[in-house]
Chemist: 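For reference, the structure I am asking about is given below.
Whatever order the structure lists ligands and atoms in, that order sets their numbers, starting from 1.
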Amino acid sequence: MSSVETAPERAPQRPAAFGLTAETLYDKCVALARNLWWSWHAEVINLFRDLDPIRWRQLDHNPIALLSEFTPERLEMRASELVLYSRINQAYRRLKEYLTETPAWGRTHSGVLGSMPVAYFSLEFGVHESVPIYSGGLGVLSGDHIKSASGLGVPLVAVGLFYDQGYFKQHLDINGWQSEEYLDTKVENLPMEPALGADGKPITVRIDTRTGKLLAKVWLMRVGRVRLYLLDCDVPGNSPEDRELTARLYGGDNRTRVRQELVAGVGGIRALRALGITPGVYHLNEGHSAFATLEAIRMRMKDDGVSFDAALREVAQHTVFTTHTPVPAGHDRFDRNLIEEHLGPLRDELGISTEQLMGMGRVEPQNEHETFCMTVLGLKLSRKANAVSSLHGHVTRRMWAHLWPWRVEEEIPIGHITNGVHIESWLAWQMQQLYDRYFPANWMRRMGEPDVWQTIFEIDPGELWETHYALKNLLLAFVRRRVSRQCRRRGESDEAVEAARNILDPNILTIGFARRFATYKRATMILGDLDRLAAMVNDPQRPLQIIFAGKAHPADEPGKQLIQRIANLRHDPRFANRIAFVEDYDINVCRHLIQGVDVWLNNPRRPLEASGTSGQKAVLNGALNLSVLDGWWAEAYDGANGFAIGKGASHVDDRVTDARDSADLYRTLCEEVIPLYYDHDVDGLPRNWIKRMMNSISSLAWRFSAARMVADYVRHTYLPASGGLSCDMSVK
Ligand SMILES: *Cc1c(COP(=O)(O)O)cnc(C)c1O
């Protein structure tokens, strides 16, 4: 890094050399910051970070907020100090090229979608931590889906809601109890702009209900080549209460929920129409947005004068539905009053009765005791539905079998496409550098090919281990920084803050566990036998340490109790240095964890984990999964690419299942994981462990990538759905 003193001398020559003035340099940075493409390109992230590493961290890695603190002149100066000109230019050129080219894959495989793109609906999108409109796995999946669609060149637009307070920030108080804080997001610091209609004016959509109208404006967010449209009810014509309607994700009661879903589904379709976009396929990611189908039916009827029945059949032919929830209680249900209040005016235009409409959301259409279920609407109004892993497919078919009482399980039109993760977003930069040196030159474009990943075996084991070790040290530094900050915030003593700076040890087997604290995920299973765990954690030869993170839903008291139990282990001297809880789990925390741990632990009560994706992120970076055979792991584990807890059995009595899984967890740890990790050769390398890391990467990275997932959606759902009526599906 050159010193500040020399900068003024050098600064004047450089812009000339690159044909730049300070303003265009600044403009290029702004252009980079305003397309979330930067968020999966390490060289651009590093560029922003280098501008001001401390502010970068403090601002949640938000480049727009960072740039707003720079004048063009100061940016210019900083750029010349750090010799950033060519890096900025190169990044800008790459973005421009990216936005103008159509990737070969998209041209060949999804070109027919062309001017009638897929409209992908989701109520949350997790693209980057600086854009807080997601809560967890569902949102991150949506984010990874659209990033991969962008990468493959699949014609797709995305539709969701803009929450100006997003999901809550988690803090633990001195007793380890979770509190929730909602912060207003500064819209001017987000990469959004008002979406413009054909007339060049910002769009507002209007939805009439029986009790008044709802208005929503529409934002455009650019995610590579994909446009993400976000509806926002904070507009002047709405009542003060309705202006808050889209303030929070999963906030409020059932009425708030139905209104949000009305805006996303019905409002979303109207927004697309106002934008001049005619989708060829509707993809409902989870039932939340299923009202979209009703509005699409209304439009068909109005545009071409077709009957309700015909329009319904057509819309269903073009709709694909992904369900994520293997527990009946997890599906949104609304009573008749809420449905009539909110869908009444639309129902009038459809020309159907309340009973008919209710029937579309019921398993038994005539059953007056049944509420309106969004998943049922999604299942009935789609040509084909899919679950998100093979096992989840079985569970889902069984769960909804009564919708098709005349069919055997295999004939139920619910398939599965297993989730995957966006590799560029989750692979550590350091690991990517290593892969770059060994893998075929264009491997980032061929990530879905198994052969590419076989190259992992050519990497020098010592080098792979060193890279992992470096990432582990970065994780530990991150955890120490966070935990000491947490202590300070709670008002703990200086000694406690100082002690937190020294917890954990890079030479100890490190287990990570981070996810939503829903009780079925059994976060405290590893604490089942605390004395035994204490002995394992403090074993003089082969110790163990664990890093936890995760939020409980604000209304989930049992979930909060689990967090409290873990957080309070820091008062137990046996665990104080070896077990850490990192507050406020988000994409950033997740990224650090999955890139740095040795083992990624997952022990849900089978079969309640529909897929899970965090373990797939861990794979890319060489962490080994230690998991119950549930969700994606049930189809991924082959005996040598990670570790299994149990044999995939579950008992009708949860207590029996829990006890058995707990015993299996300890057994696998003691008999397999710990011995393998500490089995070092003469060079001090855990050869067999490294071998297993390579097995894991080679057998899993491509299969559980979002590129593979999106390609599957294209082949198995989007293309058939875009063909519409000519396909063989019957309306259910
Ligand atoms: C990937 C991710 C998840 C989903 O992980 P699971 O394995 O489904 O728990 C949840 N939250 C965040 C922040 C993530 O990045």
Chemist: I need the nearest protein heavy-atom contact for atom 11 (N) of ligand 1: residue, atom name and distance, please.
Modeler: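 Closest protein heavy atom to atom 11 (N) of ligand 1: Tyr585 CE2, 3.5 Å.
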
Chemist: Please state which part of Ser614 comes within less than 4.0 Å of ligand 1, counting heavy atoms only: side chain, backbone, both or neither.
Modeler: both

Chemist: Applying the salt bridge (Lys or Arg N to Asp or Glu O under 4.0 Å) criterion to Glu583, which one of Arg482, Arg485, Arg490 satisfies it?
Modeler: Arg490

Chemist: Minimum distance, heavy atoms only, to atom 14 (C) of ligand 1: which one of Arg516, Glu609, Lys521, Lys617 is it?
Modeler: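 The residue whose heavy atom sits nearest atom 14 (C) of ligand 1 is Lys617.
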
Chemist: Can you confirm whether the side chains of Asp144 and Trp426 place a donor and an acceptor under 3.5 Å from each other?
Modeler: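 The criterion, which ignores hydrogens and geometry beyond distance, is satisfied for Trp426 and Asp144.
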
Chemist: Just to verify, which of Val226, Val223, Ile423 counts as forming a side-chain contact (heavy atoms from CB on, under 4.5 Å) with Lys147?
Modeler: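 Passing option: Val223.
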
Chemist: Non-hydrogen atoms of Trp426 versus ligand 1: any pair closer than 4.0 Å?
Modeler: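 In this structure, Trp426 qualifies as a contact of ligand 1 - some heavy atom is under 4.0 Å.
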
Chemist: Could you go step by step and tell me if Asn695 and Arg692 meet the side-chain hydrogen bond (donor to acceptor under 3.5 Å, both in side chains) rule?
Modeler: CA-CA 5 Å; Asn695 290 342; Arg692 205 168 273 237; over 6 Å; no

Chemist: Taking the ring of His283 and the ring of Tyr713, is the distance between their centroids below 6.0 Å?
Modeler: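 Yes - the distance between ring centres of Tyr713 and His283 falls below the 6.0 Å cut-off.
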
Chemist: Cys590 heavy atoms, cut-off 4.0 Å: which ligand 1 atoms fall inside?
Modeler: 14 (C), 15 (O)

Chemist: Please report which non-hydrogen protein atom sits nearest to atom 9 (O) of ligand 1, along with the residue it belongs to and the distance in Å to one decimal place.
Modeler: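 The closest heavy atom on the protein side is Arg515 CB, 3.5 Å.
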
Chemist: Grab the two heavy atoms, one from Phe704 and one from Asn419, that are nearest each other, plus how far apart they are.
Modeler: CD2-O, 3.9 Å

Chemist: If you take the nearest heavy atom of each of Thr613, Asp586, Val589, which one is closest to atom 13 (C) of ligand 1?
Modeler: Asp586

Chemist: Nearest protein heavy atom to atom 10 (C) of ligand 1, by residue and atom, and its distance?
Modeler: Gly137 N, 3.4 Å

